[in-house]
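We name chains A, B, ... by the order of the sequence lines, and we start the count at 1 in each one.
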Amino acid sequence: MRYLPLTDADRREMLAVVGAKSVDELFRDVPLSARLGAQVAGLPDHLGELEVERAFQEFANRNVSPSQAPFFIGAGAYRHHVPASVDYMIQRGEFLTSYTPYQPEITQGTLQYLFEFQTQVTLLTGMEVANASMYDGSTGAAEAVLMANRVTRRHKALISGGLHPHYRRVIETTAKWEGYSAVVSKVDVEGLEDLIAAIDKDTSCVVVQNPSFFGHVRDFSKLAEACHAAGALLIVVVTEVVSLGLLKPPGEMGADIVVCEGQSIGNGLGFGGPYVGLFATKEKYMRQMPGRLCGETVDADGKRGFVLTLSTREQHIRREKATSNICTNAGLCALAFTVHLTLLGEAGFKRLAELNHAKASELADRIETVPGVQLVNQSFFNEFTVRLPKPAAPVVEALAARRILAGVPVSRLLPEDPSVANLLLLAATETATEAGMAPLIAGLKEVL
Amino acid sequence: MRYLPLTDADRREMLAVVGAKSVDELFRDVPLSARLGAQVAGLPDHLGELEVERAFQEFANRNVSPSQAPFFIGAGAYRHHVPASVDYMIQRGEFLTSYTPYQPEITQGTLQYLFEFQTQVTLLTGMEVANASMYDGSTGAAEAVLMANRVTRRHKALISGGLHPHYRRVIETTAKWEGYSAVVSKVDVEGLEDLIAAIDKDTSCVVVQNPSFFGHVRDFSKLAEACHAAGALLIVVVTEVVSLGLLKPPGEMGADIVVCEGQSIGNGLGFGGPYVGLFATKEKYMRQMPGRLCGETVDADGKRGFVLTLSTREQHIRREKATSNICTNAGLCALAFTVHLTLLGEAGFKRLAELNHAKASELADRIETVPGVQLVNQSFFNEFTVRLPKPAAPVVEALAARRILAGVPVSRLLPEDPSVANLLLLAATETATEAGMAPLIAGLKEVL
Amino acid sequence: MDRSQGRTGGIVSGGAPDMPTFTGNRALQIEEPLIFELGQPGRTGVDLPEPPKVKDRLNGLRRAGEIGLPGLSEPQVVQHYTRLSQKNYAIDMGVYPLGSCTMKHNPRLNEKVARLAGIGDLHPLQPQSTVQGALELIDRLAHWLKTLTGMPAVAMSPAAGAHGEMCGMMAIAAALEAKGERATRKTVLAPESAHGTNPATAAALGFTVKPIPANGRGRVDLAALKAALGPDVAAIMLTNPNTCGLFESEIVEISKAVHEVGAYFYCDGANFNAIVGRVRPGDLGVDCMHINLHKTFSTPHGGGGPGAGPVVLSAALAPYAPYPWIVKNGDAWTVAEDGAKVDGRPLGRLKAFHGQMGMFTRALAYIMSHGADGLKQAAEDAVLSANYVMASLKDVMTPAFEGPCMHEALFDDSFLKDTGVSTLDFAKAMIDEGYHPMTMYFPLVVHGAMLIEPTESQAKEDLDLFIAALRALAEKAKSGTAAEAFKAAPRFSPRRRLDETLAARKPVLRWRPSNDFKQAAE
Amino acid sequence: MDRSQGRTGGIVSGGAPDMPTFTGNRALQIEEPLIFELGQPGRTGVDLPEPPKVKDRLNGLRRAGEIGLPGLSEPQVVQHYTRLSQKNYAIDMGVYPLGSCTMKHNPRLNEKVARLAGIGDLHPLQPQSTVQGALELIDRLAHWLKTLTGMPAVAMSPAAGAHGEMCGMMAIAAALEAKGERATRKTVLAPESAHGTNPATAAALGFTVKPIPANGRGRVDLAALKAALGPDVAAIMLTNPNTCGLFESEIVEISKAVHEVGAYFYCDGANFNAIVGRVRPGDLGVDCMHINLHKTFSTPHGGGGPGAGPVVLSAALAPYAPYPWIVKNGDAWTVAEDGAKVDGRPLGRLKAFHGQMGMFTRALAYIMSHGADGLKQAAEDAVLSANYVMASLKDVMTPAFEGPCMHEALFDDSFLKDTGVSTLDFAKAMIDEGYHPMTMYFPLVVHGAMLIEPTESQAKEDLDLFIAALRALAEKAKSGTAAEAFKAAPRFSPRRRLDETLAARKPVLRWRPSNDFKQAAE
Ligand SMILES: Cc1ncc(COP(=O)(O)O)c(C=O)c1O
Ligand SMILES: Cc1ncc(COP(=O)(O)O)c(C=O)c1O
């Protein structure tokens with residue numbers, strides 16, 4: 001077996017040193033009833049590279065790759081072009097096959113990029129501090145609510161109807177089993193929701209999303225003021241981090257915690273994961289943050305270096321008193337994010353955002369020309385909602401049969417809500433082309 | 001422009017230091033008549049990654065990838081599976097973006113793999129010494145003839161009719177312009193050629209191929225004796241290096257110089273290049289070899305290390321007296337070869353060869369069942385010749401129209417020889433499958 | 001040293017190795033600033049077309065002013081991160097015996113298949129008819145995981161081991177709720193040697209964690225456990241093989257006792273690599289167990305993730321799996337997403353979309369490459385290697401427990417007693433020898449613990465050199481004269497020992513332009 | 001140094017940096033044996049299915065006995081070559097100012113497109129109908145090369161610069177033959193500063209190489225050239241910009257004079273990067289010129305290749321291009337291969353198949369990424385950077401010639417006079433500073449030459465540090481007390497100075513098992 005360096009001769013010699021007759025002896029603590037005599041039944045034997053590759057190519061052949069079809073799907077995961085150098089960098093063994101930097105002297109590479117990542121996240125969000133990443137945006141959002149509960153010692157979170165339904169459900173699930181209450185506002189298709197009135201003295205936090213799930217761009221400055229007046233925190237979720245190249249950052253609106261899904265930068269769609277959660281807050285809440293933190297220090301020779309720090313918040317030190325149970329998170333995805341954002345820089349990141357907005361504007365204009373289709377949004381970044389004259393799900397299926405990946409029917413994410421049946425979410429990024437928009441419009445006209 | 005780090009501000013500051021008003025001043029030695037006022041006309045401006053990638057995807061879309069079609073083409077370039085770790089390794093910047101190891105202290109990585117490569121080549125070929133690679137097999141063959149001329153101080157090379165026609169033509173071209181004579185034996189379809197009688201006192205070398213272009217496996221021991229008796233050298237060319245896992249090596253037959261095309265190991269088909277030439281000889285001819293040589297030595301601390309050596313043979317030292325004009329050759333392809341061969345090892349390399357032979361045997365058996373098709377070969381490794389009842393070229397085209405890549409019509413390489421019109425060369429490697437052979441056989445039956 | 005080569009031009013050997021260089025670089029070891037110190041306005045590493053001018057629809061919320069991102073060109077970015085990478089140790093460089101982490105070989109084949117068009121580039125919300133191959137892939141992996149563990153169900157979505165613990169413990173809570181026992185069963189038992197994520201998870205779900213002591217053999221003290229079991233106990237969280245690298249020999253009795261009082265058995269499967277293909281946790285009475293795909297199944301650790309932590313579930317817990325899951329209907333696969341009707345009462349949702357697909361792909365490629373035969377062999381080699389290391393060091397270092405271990409060898413620091421050398425010092429000296437240190441000071445139940453997990457990926461020759469180096473260090477430490485030298489280690493790494501106290505006392509968590517650094521004013 | 005951090009556990013700084021380690025490793029710098037010292041029989045890094053048993057048809061020539069290849073598993077192979085790679089300097093690591101080599105940034109995009117299915121995996125002898133995109137790709141690159149050089153034709157097949165020289169000089173020989181002058185024109189003129197490949201190529205083709213002297217400005221002495229020109233002259237081989245990094249200001253007069261006597265002008269295009277997009281060699285009277293795609297157009301140098309050396313040809317030489325070439329007929333592309341009928345008399349064939357396709361792909365991606373605007377800017381930046389280096393060092397080092405240079409700055413060693421420090425020592429000291437040395441001792445016309453080609457790929461900040469380091473070294477050398485230290489350099493590299501004399505005197509060109517090493521007996 002190509003991955004196993006021990007030869008039979010090695011095994012014999014090693015057993016002799018160990019003083020065992022066979023490897024079975026080393027398993028003698030396993031109860032007899034559970035010792036398998038042979039390999040696990042019903043599973044195939046090992047395969048060569050060529051055979052494995054063929055099997056995966058066959059899986060791939062039974063999917064429609066977004067590279068082969070007009071593509072307008074978003075809803076929390078966005079198709080962007082990732083430069084080849086990003087993918088090269090994350091494949092370098094020194095990054096790929098290293099672990100959490102427990103030994104800082106020989107993991108300065110990882111630590112320094114985490115420090116750069118944390119700084120980038122603070123800049124994008126307009127916040128003071130950020131951690132070294134979360135699993136993704138949705139779990140980050142749930143951690144943010146838990147953190148707000150800790151900070152405020154309250155147990156009621158107010159959830160916007162504009163929050164991504166998956167995020168909402170992750171928070172609800174945490175709420176249910178971790179024992180706090182999550183009050184969910186009704187679905188906010190139009191982007192007009194006002195949550196200020198719902199805040200009360202038990203409210204630990206308000207969770208909103210910008211742009212909202214339906215694409216609306218909102219100013220939460222007033223909401224932030226109301227939260228602070230009531231002693232609650234404002235949590236702003238961003239599922240399309242590219243929007244921060246063009247939009248006023250949550251930090252400037254007064255957000256206390258900002259959580260973003262970072263997938264758009266550096267990380268491919270990957271059928272939903274792994275992605276990377278960005279998590280930023282104010283300095284005063286620093287010690288209540290979940291997750292790893294990288295900090296600057298000096299070495300024995302007085303040279304600048306980096307270490308994991310404030311680990312007294314973490315499970316491996318604090319155990320049942322930890323701020324979170326997180327251990328492994330999203331290091332390599334954070335690297336991809338950091339390398340891509342570094343390539344973009346100020347100028348590139350802003351232009352990328354402009355380009356996304358322009359493409360989506362073009363799509364919106366064109367889609368409004370389809371009879372019966374109505375644009376819901378006044379404002380949007382690179383994604384918006386349209387109301388179709390009939391249920392969106394079968395329309396999307398009909399277009400898929402024509403190999404057009406036309407967007408997400410809102411009903412897929414909110415199956416319990418009949419009022420959203422005709423709504424379709426469409427996104428256009430810098431990867432959208434004329435050659436893709438034309439068939440979409442034509443296809444829609446045919447199908448509707 | 002993403003690849004250019006200088007900003008306009010940098011350029012201004014640098015010009016100030018240089019003491020020039022504009023960059024134009026630095027080009028003042030260019031005759032006015034040749035100074036272009038603007039950028040070269042008629043060529044487009046720069047493009048982003050996404051746009052460039054799309055353009056190349058469009059080129060690719062207009063080709064038939066061997067991964068999408070039954071595939072039986074060989075004739076000097078073979079489709080083998082290359083492990084993913086090989087491709088990873090040659091993409092590491094430390095290998096990819098380094099150059100010829102002129103400064104050995106900081107290029108021990110390159111030097112050590114070249115030393116390993118040279119050793120591997122000697123082992124495969126059964127020779128005593130090898131160089132650090134040539135451009136490819138065909139140019140290596142021409143260099144071998146030149147070397148034989150130098151060693152023997154004679155100027156007549158005898159070329160087998162079983163040598164790959166492209167190799168033959170490269171030798172003829174060198175012969176014509178470098179002033180020696182290349183006597184080419186008639187095309188040896190049946191593999192029965194005997195060159196011994198043609199050797200005379202002016203013969204510097206005899207150049208044969210094993211397996212021959214038509215696939216025949218030959219023993220050249222007698223020929224070697226005859227060469228040596230006449231004071232000539234025997235040059236054995238191998239275009240399918242995998243065959244050396246199963247066949248008696250040329251060194252054991254008495255070859256004086258062995259040249260192989262190394263593409264099969266580690267290097268993809270790549271539409272014909274870059275490939276890697278292996279070049280091995282006897283120790284006594286070492287100082288007449290072309291190309292770079294890596295040798296072992298020690299450093300100032302007495303530690304083993306490697307350097308380029310015997311460079312008094314080379315153009316950069318010897319100029320017009322050099323053994324060859326070669327400078328840059330095939331370093332990275334040699335690395336791919338070495339990594340792949342190291343992965344294979346003794347057991348894997350031999351098994352790979354067995355597998356190739358078995359697949360080709362299976363194909364031969366099956367193709368003989370097609371009415372009118374006649375197997376020419378008694379012996380072969382992974383490639384053989386069949387005689388069709390009609391010209392092979394249109395048959396191959398007809399099969400291509402059915403998306404079957406069925407082999408090479410010999411007439412493509414020997415257009416001047418009407419006797420080969422009906423001959424088809426077919427190869428089968430470890431990548432051949434039942435799913436590929438069946439359509440070939442069925443297609444042939446239809447087309448013939 | 002100082003062996004002159006008698007060469008023209010006179011090579012002088014030795015020299016003054018501490019002579020500083022002007023740049024601070026030391027040949028291939030290159031000092032590297034932060035990107036923020038390298039940027040210049042207007043410079044970029046991407047080229048994007050000029051965006052067409054459109055009337056913006058941003059609701060007046062256009063960002064004003066600079067973000068503050070540095071501008072670097074592509075060559076700079078590639079050089080910067082290449083040089084940073086060269087400051088890391090990694091599996092690709094040698095023995096990385098970090099106990100409890102299973103730092104095994106990460107095949108490049110897995111990276112390749114994960115990037116295939118039609119796999120790596122799929123959107124999670126594409127119409128299901130357009131992702132049949134992807135759903136089958138997940139289902140195929142699920143089948144392997146269930147069969148290897150002997151468990152009837154698996155929840156695929158957790159993002160890592162700790163997330164899997166959350167999933168499993170929520171499922172237990174949900175099962176208790178269904179039985180009306182959620183309010184009464186508030187205790188979770190866990191050994192003191194448990195990984196920190198275990199108590200952290202239980203506590204987050206409102207359970208009280210009660211420690212159970214170990215016996216002299218490093219295993220759960222069965223009598224003490226039985227004494228602790230009662231109607232208030234929701235579950236036991238037990239790592240097996242445990243964090244001392246030992247198989248819980250009374251595991252069957254333990255699970256029986258746990259079940260008898262109506263509690264559940266959560267097994268932390270971080271150490272599954274020791275037994276995969278040889279022992280099915282389902283045969284041991286486990287109710288649920290997370291599997292760190294980044295450990296046992298080799299998806300890369302990536303400098304701290306991403307991982308994946310699917311949780312296998314017993315029949316009793318299967319109805320309490322979270323959304324989503326994959327269902328095969330005839331020839332078609334579907335994802336049951338939120339709102340799908342099911343028998344039991346689903347737990348809810350743990351994560352957006354369908355889980356760590358990129359890790360599923362890699363893990364499945366690893367599994368198919370090994371096959372059932374190769375997985376078993378890998379487990380055996382991992383266990384043999386650990387025992388070989390243990391046996392080869394036991395006369396110079398001090399094994400924490402008697403008898404054979406599983407996939408990792410645990411030592412305590414008694415061999416360092418009175419030497420002035422600590423576990424930390426010993427670990428740092430290993431760095432100079434070209435090795436990543438073992439896990440230090442974990443598990444907590446052993447003084448100055450050193451937990452060595454060689455994995456199955458190291459050749460015997462490499463283990464032999466590693467052993468010889470550790471023996472040399474141990475002997476040097478015991479010589480009693482080397483404490484200073486150990487304290488000075490590491491000497492050759494990109495940085496020497498770092499001041500962690502300073503980092504925690506005055507946290508600097510981000511770069512700021514040095515001129516306008518201000519403390520947050522609030 | 002020795003700055004105590006006042007930390008519990010006591011970090012000791014400084015230490016004895018020369019204290020050897022047991023393994024010989026120094027943290028991340030790991031000693032690495034040869035694969036032949038790592039192998040074991042039976043071990044392998046690939047898994048192949050059991051070959052079906054067949055009656056072999058090998059004509060009785062089955063190999064007997066062992067080949068002698070070592071057996072390693074995949075993890076070992078990955079670790080081995082990773083560790084070897086870490087002993088290399090590379091463009092990705094920093095300034096690599098190797099003059100005459102144009103060590104510019106190698107974009108990863110180019111690697112990606114070269115590997116696309118349908119490009120990287122095509123067989124050269126597929127039916128032409130199945131490779132239309134590939135043929136168009138080559139033709140597109142050919143179009144760029146012709147347009148950028150202002151030449152009507154290009155031969156794509158040469159595998160590197162030297163091979164391109166062979167191609168071009170053969171074309172000249174063929175043209176002479178067509179005119180009946182091959183026997184009479186046997187002289188090729190070349191400046192003494194020419195790259196070694198120029199005389200080597202000319203000599204291989206049976207020409208006698210006659211040196212032409214330079215004038216005090218580092219250019220061809222026009223009067224001397226004119227004096228050397230006559231009816232025996234076949235061609236001049238001239239590098240422009242020349243190997244001193246200077247533009248041949250009298251190039252138009254030179255080509256006129258050469259043409260007047262009926263000879264041809266071969267231009268060595270190794271230095272095309274200085275002028276690409278700004279000057280078309282066709283406008284200078286060039287008859288043929290090779291283009292090193294691995295220099296100007298950034299295909300990776302790969303540790304010494306592969307390269308590619310297409311040759312652009314004037315109308316006079318176009319008929320003498322070698323096989324194959326690409327022809328567009330309507331919408332279809334075909335390859336004209338051996339035997340294709342043409343007007344002129346083809347040269348023959350230089351190489352199997354159609355040339356270095358993998359390099360064409362990368363070069364075209366580079367060219368399209370830059371565009372005509374970006375190429376011009378790149379040339380300007382390369383020239384500006386070289387002049388900036390020259391201007392910044394001219395007071396401490398000694399420029400070989402007056403006036404602005406093109407893309408590389410040439411210094412001689414007079415600034416080192418009487419310091420005991422040689423060009424070699426100076427170069428080796430740069431290694432310790434974290435830089436690859438410049439080209440040393442080339443061109444031969446300058447004493448102790450140091451040829452610095454920064455290329456356009458370095459940021460000004462990086463150039464500034466490089467300049468500062470060189471200034472510091474120059475000042476240190478001139479201090480007169482540092483010769484010993486220079487001779488001891490490099491001190492921090494994976495190996496210190498290597499004994500090249502020993503290597504050449506007793507060549508060991510391959511590993512042999514140490515026991516049965518024998519000298520070749522013949
Ligand atoms: C015993 C044990 N349990 C749980 C975990 C947590 O797993 P993860 O890091 O994947 O969240 C770890 C990982 O380090 C572990 O070693
Ligand atoms: C001036 C000059 N001419 C020719 C060559 C030869 O080119 P190649 O190495 O591509 O064969 C070189 C390369 O080093 C060179 O610098």
Side-chain angles (χ1 to χ4, degrees), chain B residues 1 5 10 14 29 34 39 43 45-46 56 59-60 62-65 73 93-94 97-100 105-106 108-110 119 123 135 138 166 169 173 217 271-274 283 295-297 299-300 305 309 315-316 319-320 322 325 328-329 331-332 343 345-346 348 354-355 358 361 379 400 415, chain D residues 44-46 51 54 59 61 68-69 71 84-85 87-92 113 116-118 122-124 127 130 133 159-160 162 170 196 199-201 203 247 249 283 301-307 339 348-349 352-353 356-357 371-372 374 387-388 391 459-460 493 495-496 503 508 510-511 520:
Chain B
M1 215 275 133
D10 290 336
M14 291 163 77
D29 289 322
Q39 67 190 61
L43 294 171
D45 276 353
H46 70 276
F56 279 84
F59 286 128
R62 269 173 293 127
N63 302 320
V64 177
S65 160
I73 309 181
E94 292 89 335
T97 75
S98 188
Y99 201 15
T100 309
E105 298 87 354
I106 46 171
Q108 285 295 303
T110 300
T119 307
L123 294 170
Y135 301 136
S138 66
H166 279 179
R169 282 188 226 272
T173 303
V217 178
F271 202 52
E283 199 151 339
E296 186 181 312
T297 187
D299 82 349
T309 193
Q315 47 75 27
H316 65 283
R319 305 177 70 84
E320 57 270 27
N325 79 337
T328 300
N329 46 21
L332 202 71
L343 283 165
E346 182 86 16
E354 293 279 5
L355 202 52
S361 294
S379 67
Chain D
T44 179
V46 297
V54 294
N59 193 18
L61 291 167
L69 296 172
L84 285 192
S85 75
K87 301 182 191 303
N88 268 9
Y89 195 88
I91 297 171
D92 279 1
V113 299
L116 288 176
L122 298 176
H123 192 290
T130 69
M170 280 181 180
T201 304
F247 197 93
S249 43
D283 295 342
H301 284 80
R349 172 178 278 279
F353 311 124
Q356 305 284 73
M357 178 66 166
N387 278 285
Y388 180 65
K460 177 170 176 295
S493 45
R495 282 292 176 270
R496 306 196 49 223
V508 179
R510 56 175 288 193
W511 175 88

Nearest heavy-atom pair of [X] and [Y]: which atoms, and what distance?
X	Y	answer
B:Ala60	D:Ala117	CB-O, 3.5 Å
D:Pro199	B:Glu320	CB-OE1, 3.3 Å
B:Thr119	D:Trp511	OG1-N, 2.9 Å
B:Gln108	D:Asn88	N-OD1, 3.8 Å
B:Ser98	D:His301	O-CB, 3.3 Å
D:Ala162	B:Asn325	O-ND2, 2.8 Å

**Part of B:Met14 lying under 4.5 Å from any heavy atom of chain D** = both
**Message:** Need one label for B:Thr100: side chain, backbone, both or neither, based on atoms under 4.5 Å from any heavy atom in chain D.
**Reply:** both
In terms of heavy-atom pairs under 4.5 Å, which option from [options] contacts chain D the most?
options	answer
B:Gly305, B:Ser65, B:Gly345	B:Ser65
B:Asp45, B:Leu355, B:Thr309	B:Asp45
B:Pro274, B:Ser138, B:Gly295, B:Ala34	B:Pro274
B:Gln315, B:Arg62, B:Glu346	B:Glu346
B:Glu354, B:Arg169, B:His316, B:His46	B:His46
B:Phe56, B:Tyr99, B:Tyr135	B:Tyr99

**Message:** Does any backbone or side-chain atom of D:Leu116 lie under 4.5 Å from a heavy atom of chain B? Answer side chain, backbone, both or neither.
**Reply:** side chain
**Segment of D:Val46 engaging chain B (4.5 angstrom heavy-atom cut-off)** = both
Determine the option with the most heavy-atom pairs under 4.5 angstrom with chain B, choosing from [options].
options	value
D:Met170, D:Arg495, D:Lys87, D:Met357	D:Arg495
D:Gly303, D:Gly371, D:Ala372	D:Gly303
D:Pro124, D:Pro127, D:Ala160, D:Ala503	D:Pro124
D:Ser85, D:Ala352, D:Ala203, D:Ala200	D:Ser85
D:Gly302, D:Ser493, D:Ser249	D:Gly302

**Request:** List in chain and number order the residues that pass side-chain hydrogen bond (donor to acceptor under 3.5 Å, both in side chains) with B:Glu296, two or more places apart in sequence or in another chain; answer none if no residue qualifies.
**Result:** none
**Item:** Non-neighbouring partners of B:Glu105 that pass side-chain hydrogen bond (donor to acceptor under 3.5 Å, both in side chains), sequence neighbours left out
**Value:** D:Lys428
**Asked** Checking B:Asn63 side chain against D:Gly118 main chain: does a donor-acceptor pair fall under 3.5 Å?
**Response** yes
**Asked** When you measure from the side chain of B:Thr328 to the backbone N and O of D:Gly305, does any donor-acceptor pair fall under 3.5 Å?
**Response** no
**Message:** I'd like to check B:Leu123 versus D:Arg510 (side-chain heavy atoms, cut-off strictly below 4.5 Å). Are they in contact?
**Reply:** yes
**Fill in**
Output for pair (D:Arg496 CZ, B:Asp299 CG), nearest 0.5 Å, gives 7.0 Å
**Request:** Could you tell me the separation between the CG atom of B:Asp29 and the CZ atom of D:Phe247, rounded to the nearest 0.5 Å?
**Result:** 8.0 Å
